[in-house]
Amino acid sequence: MQEKYVPAEVEQQAQSHWEQTDAFRAVEDPTRPKYYCLSMFPYPSGKLHMGHVRNYTIGDVLSRHHRMRGYNVLQPMGWDAFGLPAENAAMANAVPPARWTWDNIAYMKKQLRSLGFAIDWSRELATCRPDYYKWNQWLFLRMLERGIAYRKTQVVNWDPVDQTVLANEQVIDGRGWRTGAPVEKREIPGYYLGITRYAEELLADLDQLPGWPERVRTMQANWIGKSYGVRFAFPYELDGKRELMWVFTTRADTIMGVTFCAVAAEHPLATRAARDNPELAAFIDECRHGSVMEADLATMEKKGMPTGIFVEHPLTGEKVEVWVGNYVLMGYGEGAVMAVPAHDERDFHFAQKYGLPIRQVIAVDGETFSLDAWQEWYADKQRGACVNSGRYDGLAYEAAVDAIGADLRARDLGDRQVQWRLRDWGVSRQRYWGCPIPLIHCERCGTVPVPDDQLPVVLPEDCVPDGTGNPLNRREDFLACTCPKCGAPARRETDTMDTFVDSSWYYARYCAPDNAAAMVDARTDYWMPVDQYIGGIEHAILHLLYSRFWSKVMRDLGLVSYGEPFSRLLTQGMVLNHIFSRRTERGGIQYFAPDEVEPNRDEAGQILGATARADGATVDYQGVGTMSKSKRNGVDPQALIEQYGADTARFFMMFASPPEQTLEWSDSGVDGSFRFMKRLWSFGWRYAREIRPLLAGAAPQVPVGQRLDAPAAALRREIHTHLRQANYDFQRLQFNTVASAAMKMLNALERAQPGADGPTHARVCAEGLSILLRLLSPVTPHACHVLWQELGFGANILTAPWPQPLEEALVQDEIELVLQINGKLRGSLRVAAAASREQIEQAALASEPASRHLEGRPAKKVVVVPGRLVNIVA
RNA sequence: GCCGGGAUGGCGGAAUCGGUAGACGCAGCGGACUCAAAAUCCGCCGCCGCAAGGUGUGUGGGUUCGAGUCCCACUCCCGGCACCA
């Protein structure tokens, strides 16, 4: 051991020890409690970013902590290796996505290793490897056999210039990111997975996930969106035929207030009406432009046009005009809605805009209905009762819906129905860098599944996308095949799967990564479900919901025994950084890394804009946002690791804020963490020279019943108090205060002057240091490993028992209480720890501040909070 | 727009069940050591005030002996919105 703290040497020593002893290989062992600790696997974007460091440090702290508490821990790692950024990189650099991806994986793996994570690398997987995605294909075919996977049309963003499908991310203000051309909506066929079949179970099982944050369960429940309503039809006669226009509503109680209906631009009624109405045809064409994103649809201007077609109100027979509305979606519900402008905000604004009638049918006592403004109470179905509704007048929401539902059913025009917001999962992507969908198109036999013994359908790895569609469409060697049914020449499907498929079951594959014959095996039963899953809050809905769905499908196929894959979930807050961008000449968007620009700030230091260092021209400031490859605002932790070492980087990430909170990145503050590491090291150095010799080889625990003088007892009490706090914080996953507790322990040990005070103090000090090193070892494992060994605490800190606070060390004779008068702090009170309420009251009333403030008057009331404070109400 | 979350000194954050607001750090200021600097160590450090004291947890109300914490109304910021991952 040397006096100076040199992180590179310390970390090298610890890491080679772990490697030589294969310390983190996880072996199934039914005699020990298992702990499967999983961090969300990274997309290999190029370099680790701070979000990764945060995520994987949290996972590593938990893994190492549980290991010391006696669990058989599995902490694997892999790569979410398919996806769009690889295609973008390919376009920019003319490198095949496969090559780019594997280079990134190699670099990022080196970075992960340098951070010293306790990962079982023997289980590493990458979703772009055929031995992994073979099982995506295999399970897809099983779903197809059972009708869980099926084909229907989907609406996509279409770039008319590049002649390609765009991801939502590639649409900026309704235009293609590369071409700047207005995006069109286009309907194309695709495959869907029937997640809605599991809606009821996905919703109900949220109650069985107490280890998940409440907010995530709420978000999922709202996303699944179970609602009770009525599906009913408006009859109409057109071209001599009697037809029905179906709608769904959760507000059937307002049915007598319907003054018009609205249908999607793609609705058959709209198509029919446009046949001899060029103006309407033009409007429908206009609706084809713009984005398919819900956020855009919700915020865009609501427009409409009458079709001239009238339908009949199902209860009154009254004529109701049908409009085409750009806000009605064909793919959601029936593609048609009833409009009750008096009691629906969107309908209200639409009616005002186009001068349509508004008919009040709900009244609330004491509230005045007005046509001038939308008011909140209109929408509250728990208040009010029907008016202007004939035989339904006076009925409240539930009763009105019941009566109206019954009347519709009697006429065969509708019934009560449960509706879900959740839609089936569209998994087809018109992209190259993904898992091929294992289907063959035969002229004679139609679409034919690839037989199991021909799996996997291997993706050729040498394509270079150029932005003009899927290059697989031009790969004859991939396309050409024979029909498995009839043997005739046939064509392969070129659509690939959504990358959410890859990430929906990787956690199960880690348990049996080398099984070439099956997707999962008995080892999966040992490790699953994941005991602790850790990942960004941005995955709170989609990834987690898809994984839950996939698990239930695998369970129903008899592949696994669990129905929920993740027992406990920690959603870490995002690491944010400033975002700078600029419009390109073609109307696209270009992002700048924060170190490529010089920010302009106002007097308060707020960033207003910036200039690019490269060309000195202005750049727009977009505020802070999540660190991402596409926005180019990630911070590479490499510099941090090289300058300070992995332990400091890890410690700082944990210390900076609690895991669930968002973290706005800033370099300052790392110095403090490095200073702490240096102080820890030099205290270890001093211990080795001054303190340890006083112990004469004795164990570093204070013997039970050992009498200590007051300063030694105080030091020991402080160490054990911080330990008790830290253990509590570990249990509630608040690691920033664990780091604080470690700092407080070191402060206490340094203050105590242990060497100068003889063997008793040395003993307390040795015990304190042994607690500190064990407490800290999950966070800064390298330095703790070396110090533990060099200072003679034991051979290997990984197998040391987790420290527990001792009652004997915590007892106090006297405690200090806060003294308040009328709720304001006026002093303090020292009392015996065992003092009764009466004794405390008397001591408080007799105190100097009490007599000063009471001036002889009797106190109205004295509030005593045991162990905390006394409040005298004057 | 809808769903979920957040806001505490110059900065990151602490405060466990409604009980001392600002723990632990960063930055800053003052001092020691040094020829000097770096490193290290000691002290000070919410705001107003000479002080006594007052005031203070995004804003405005409320409940309570006592509110960062509970209730009502709002503002701003972040995440998600189904093809970024």
Side-chain angles (χ1 to χ4, degrees), chain A residues 40 42-43 45 80 82-85 88 154 156-157 165-171 213-216 218-223 225 292-300 345-346 421-431 498-500 503 536-543 545-546 571 573-574 576 605 623-626 628-631 652 655-658 660-664 666 668-673 675-676 678-679 682 725 728-729 732 734 736-737 739-744 747 816-825 828 860-863 865 867-874:
Chain A
M40 289 181 186
Y43 178 79
S45 56
D80 189 12
F82 276 137
L84 202 52
N88 296 336
Q154 50 178 351
V156 296
N157 302 305
V165 176
L166 297 178
N168 285 337
E169 188 193 44
Q170 298 171 317
V171 179
E214 190 64 44
R215 58 171 164 162
V216 175
T218 306
M219 279 191 264
Q220 292 220 347
N222 290 340
W223 183 263
V292 300
M293 277 179 274
E294 193 192 296
D296 291 337
L297 294 169
T299 50
M300 74 181 178
E345 186 168 15
R346 192 174 57 185
R421 207 188 78 93
L422 181 69
R423 309 199 294 258
D424 276 347
W425 176 11
V427 292
S428 296
R429 298 289 179 271
Q430 296 68 45
R431 302 197 196 294
D498 180 4
T499 55
F500 275 125
S503 55
I537 181 68
E538 71 275 21
H539 294 295
I541 295 173
L542 292 180
H543 162 61
L545 193 64
Y546 292 147
T571 46
M574 319 246 341
L576 307 180
V624 293
T626 159
S628 79
K629 179 90 177 164
S630 59
K631 289 178 183 144
F652 176 65
F655 180 62
S657 77
E660 304 227 75
Q661 200 162 304
T662 46
L663 188 129
E664 216 171 293
S666 146
S668 66
V670 185
D671 275 329
S673 299
R675 221 168 285 164
F676 171 70
K678 286 190 286 192
R679 275 173 50 209
S682 54
Q725 179 65 45
Y728 174 76
D729 291 339
R732 63 173 176 155
Q734 187 170 289
N736 57 325
T737 45
S740 293
M743 286 177 146
K744 289 175 186 174
N747 289 348
E816 194 165 84
L817 296 181
V818 163
L819 177 61
Q820 289 184 345
I821 291 159
N822 290 329
K824 293 203 179 203
L825 178 69
S828 66
K860 280 195 194 129
K861 187 176 172 184
V862 182
V863 181
V865 182
R868 287 217 171 249
L869 63 68
V870 192
N871 185 18
I872 299 170
V873 185

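Convention: sequence-line order gives letters A, B, ...; per-chain numbering from 1.
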J.: Rounded to whole Å, please give me the gap between CD in A:Gln430 and C1' in B:C83.
T.: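 Rounded to whole Å, this separation is 8 Å.
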J.: Respond yes when some side-chain nitrogen or oxygen of A:Arg215 is under 4.0 Å from OP1 or OP2 of B:G5, and no when none is.
T.: no
J.: Within the pair A:Gln820 and B:U64, is there a side-chain N or O less than 4.0 Å away from OP1 or OP2?
T.: no
J.: Between B:G25 and A:Asn747, is there an OP1 or OP2 to side-chain N/O distance shorter than 4.0 Å?
T.: yes
J.: Of the candidate nucleotides B:G12, B:A85, B:G79, which contains the atom at the shortest distance from the side chain of A:Ala656?
T.: B:G12
J.: Just need the stems in RNA chain B: three or more back-to-back Watson-Crick or G-U pairs, each with both distances under 3.5 angstrom, sorted by first number.
T.: B:1-7 with B:75-81, B:10-12 with B:24-26, B:28-32 with B:40-44, B:46-48 with B:53-55, B:58-62 with B:70-74
J.: Side-chain N or O of A:Lys861 less than 4.0 angstrom from OP1 or OP2 on B:G66?
T.: no
J.: Ignoring hydrogens and angles, are the base of B:C84 and the side chain of A:Glu538 linked by a donor-acceptor pair under 3.5 Å?
T.: no
J.: Using the C1' atoms only, state how far B:U63 lies from B:C72, rounded to an integer number of Å.
T.: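 Their C1' atoms lie roughly 11 Å apart.
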J.: Does B:G66 have OP1 or OP2 sitting under 4.0 Å from an N or O in the side chain of A:Asn822?
T.: no
J.: Contact class for A:Gly426 vs. all strands (heavy atom < 4.0 Å): base, sugar-phosphate, or nothing?
T.: sugar-phosphate
J.: Is the glycosidic angle of B:G9 within 90° of 0, making it syn, or outside that range, making it anti?
T.: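 Syn, since the glycosidic angle lies within 90° of 0.
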J.: Could you measure between the two P atoms, the one in B:G58 and the one in B:A7, and give it in whole Å?
T.: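 Going atom to atom, P in each nucleotide, I get 8 Å.
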J.: Between the base of B:C65 and the side chain of A:Asn871, is there a donor-acceptor distance below 3.5 Å?
T.: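 It does, because a donor-acceptor pair links the side chain of A:Asn871 to the base of B:C65 below 3.5 Å.
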